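Computed over heavy atoms, backbone and side chain alike; hydrogens, waters and symmetry mates excluded. These figures come from a predicted structure and were not determined experimentally.
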Amino acid sequence: MKKFLSVTLILALALTLCFSFVACNGQNVKIVEIDYSTVLADYLKYPDATNVASMNSISRNVAEILADDSLSDSEKIASAMYRSIYNEIDCEYFAYFIDRVGETKLNNNHGQLVYQRLRRQSDKIKDDWTLKLPVNHNFIAEAMFVTSADIRYVTGGKYYRMSNKSDIVYNEKTGLLEVETWKKQKSSNWNRDENAKDSRSYAEARKTCINWKVEGIVKSEGAKIESKTDDNGNKYYELTFSIDVAKANADNASFDDKKTENSTIGMLENDNGGKGMKYEYCDLVVQIWECGLAKQYYVNESWSGTIQSVYKGSAQSVSKIVFSYSMADQDDSVTASIKAGIK
């Protein structure tokens with residue numbers, strides 16, 4: 001049985017328990033909690049009828065998987081997790097927001113990285129923002145490859161990519177990363193043909209860092225499945241489990257061997273341009289709506305290795321990912337306005 005684990009972040013870095021950090025060269029900021037409703041207004045609402053219908057068309061839903069007595073709890077969790085990736089493939093539209101804050105060591109330097117991604121997706125539009133900023137750090141050369149801001153926008157069958165033209169700022173009131181102005185990334189990534197639907201695939205979905213294929217590497221110890229109900233009477237499942245890192249680290253075939261269906265460590269190394277990488281721990285709390293769509297994911301992980309073939313380091317990260325399946329959160333007007341203002 002093959003074991004797969006999908007973590008995608010050019011550099012997965014981790015949450016420090018301290019809200020402030022004595023910085024040498026990097027921005028000295030206080031990390032604050034985010035009000036996710038300011039990013040996705042409907043992230044706590046049950047998926048709308050259109051999306052529920054699209055998920056009901058899939059033959060085996062999450063409720064059936066979890067009720068299958070022939071499966072162990074760890075097997076049920078792995079199957080339910082894999083089933084939930086179809087939120088990015090088969091539902092009519094979705095949006096998610098990822099917030100990851102972390103601490104890392106690269107060679108002799110250390111600091112925090114704030115990584116945030118907001119994506120809106122349908123068959124017609126892809127509106128995808130990714131921002132990374134090191135804070136409270138003493139990175140020098142390292143800061144260059146962990147700092148970036150990009151918008152990938154597909155509309156009307158055309159692709160437009162925008163990058164930041166001004167400094168990225170961490171807003172200590174909202175907890176959000178901000179960029180004042182944007183520019184065209186390069187001419188080859190501006191107004192070229194692309195179908196938004198093409199990015200609705202397993203290979204693309206795993207890049208969110210939330211879609212895990214964990215067959216064979218879910219620890220049986222501590223694995224827990226609970227049926228819960230929110231304040232509005234909507235049902236969801238909460239899966240609490242850890243990855244068996246000994247098994248995950250042993251699944252280390254290189255990325256080139258399997259491409260999209262890659263090994264656990266092969267995926268991790270490819271996503272980070274790394275080598276000799278391994279997990280120290282990886283714990284998850286996953287909430288899935290009764291209809292099978294992902295609700296919220298929490299990932300607490302640590303790994304070590306060589307990054308970009310240069311930096312020896314380690315990282316511990318905590319991520320929160322929230323989803324919306326409402327047309328209210330498909331509004332791409334801000335991105336459209338930015339694109340219209342770029343000459």
Does the side chain of [X] reach to within under 4.5 Å of the side chain of [Y], using non-hydrogen atoms?
X	Y	result
I125	R120	no
Y325	T50	no
E226	Y237	no
M162	I338	yes
S304	K278	yes
F97	I321	no
S166	E178	no
K124	Q330	no

When you look at I342 and K183, which way does the side chain to side chain contact (heavy atoms under 4.5 Å, CB included) test go after all the steps? CA-CA 6 Å; I342 294 177; K183 64 179 181 179; 5.6 Å; no
Walk me through it: do D150 and R161 pass the test salt bridge (charged side-chain N to carboxylate O under 4.0 Å, His left out)? CA-CA 7 Å; D150 290 281; R161 185 158 182 162; 3.5 Å; yes
Taking atom NZ of K184 as the centre, report whether more than 12 heavy atoms of other residues, nucleotides or ligands fall under 6.0 Å from it. yes
Closest contact, heavy atoms only, [X] versus [Y]:
X	Y	result
I217	A248	CG2-N, 4.0 Å
V286	F241	CG2-CE2, 4.0 Å
V52	P47	CG2-O, 3.5 Å
L177	V114	CD1-O, 3.7 Å
A196	V154	N-CG1, 3.7 Å
P134	L113	N-CD1, 3.6 Å

Is there a donor in the side chain of [X] and an acceptor in the side chain of [Y], or the other way round, less than 3.5 Å apart?
X	Y	value
S72	S74	yes
E92	S122	no
Y46	N51	no
S317	W303	no

State whether the side chain of [X] and the backbone N or O of [Y] hold a donor-acceptor pair below 3.5 Å, judged by distance alone.
X	Y	answer
N232	N234	no
D329	A41	yes
Q116	G175	yes

Do [X] and [Y] sit in one hydrophobic cluster, given that two such residues count as connected whenever their side-chain heavy atoms are within less than 4.5 Å of each other, even indirectly?
X	Y	value
I77	V299	yes
Y82	I243	yes
L66	M55	yes
I34	V322	yes
Y298	M81	no

List the steps, then state whether side chain to side chain contact (heavy atoms under 4.5 Å, CB included) holds for L239 with I288. CA-CA 8 Å; L239 317 178; I288 301 174; 3.9 Å; yes
Salt bridge check: are [X] and [Y] linked by an N-O gap of less than 4.0 Å?
X	Y	answer
D193	K158	yes
D68	K76	no
E172	K30	no
D128	R117	yes
R119	D127	no

Rounded to the nearest 0.5 Å, what separation is found between the [atom1] atom of [X] and the [atom2] atom of [Y]?
X	Y	atom1	atom2	value
D230	L44	CG	CG	8.0 Å
S79	E64	OG	CD	12.5 Å
N189	N191	CG	CG	11.5 Å
T130	L118	OG1	CG	9.0 Å
E180	K165	CD	NZ	11.0 Å
K45	S324	NZ	OG	9.0 Å

List the steps, then state whether side chain to side chain contact (heavy atoms under 4.5 Å, CB included) holds for K197 with Q121. CA-CA 9 Å; K197 191 175 182 178; Q121 179 80 50; over 6 Å; no
Does D48 form a side chain to side chain donor-acceptor pair (under 3.5 Å) with S326? I'd like the steps, not just the answer. CA-CA 6 Å; D48 63 23; S326 166; 5.4 Å; no
When you measure from the centre of the six-membered ring of Y236, is the NZ or CZ of K295 closer than 6.0 Å and no more than 45° off the axis? yes
Which residue in the set L131, V101, I31 passes side chain to side chain contact (heavy atoms under 4.5 Å, CB included) when paired with Y170? I31
Could you walk me through whether D90 and S54 pass side chain to side chain contact (heavy atoms under 4.5 Å, CB included), step by step? CA-CA 7 Å; D90 287 337; S54 66; 5.6 Å; no
Using 30° and 60° as the class limits, which term best fits the ring planes of Y160 and Y153: parallel, tilted or perpendicular? tilted
For the residue pair F323 and Y297, is the inter-centroid distance of their aromatic rings smaller than 6.0 Å?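 Yes; Y297 has its ring centre under 6.0 Å from that of F323.
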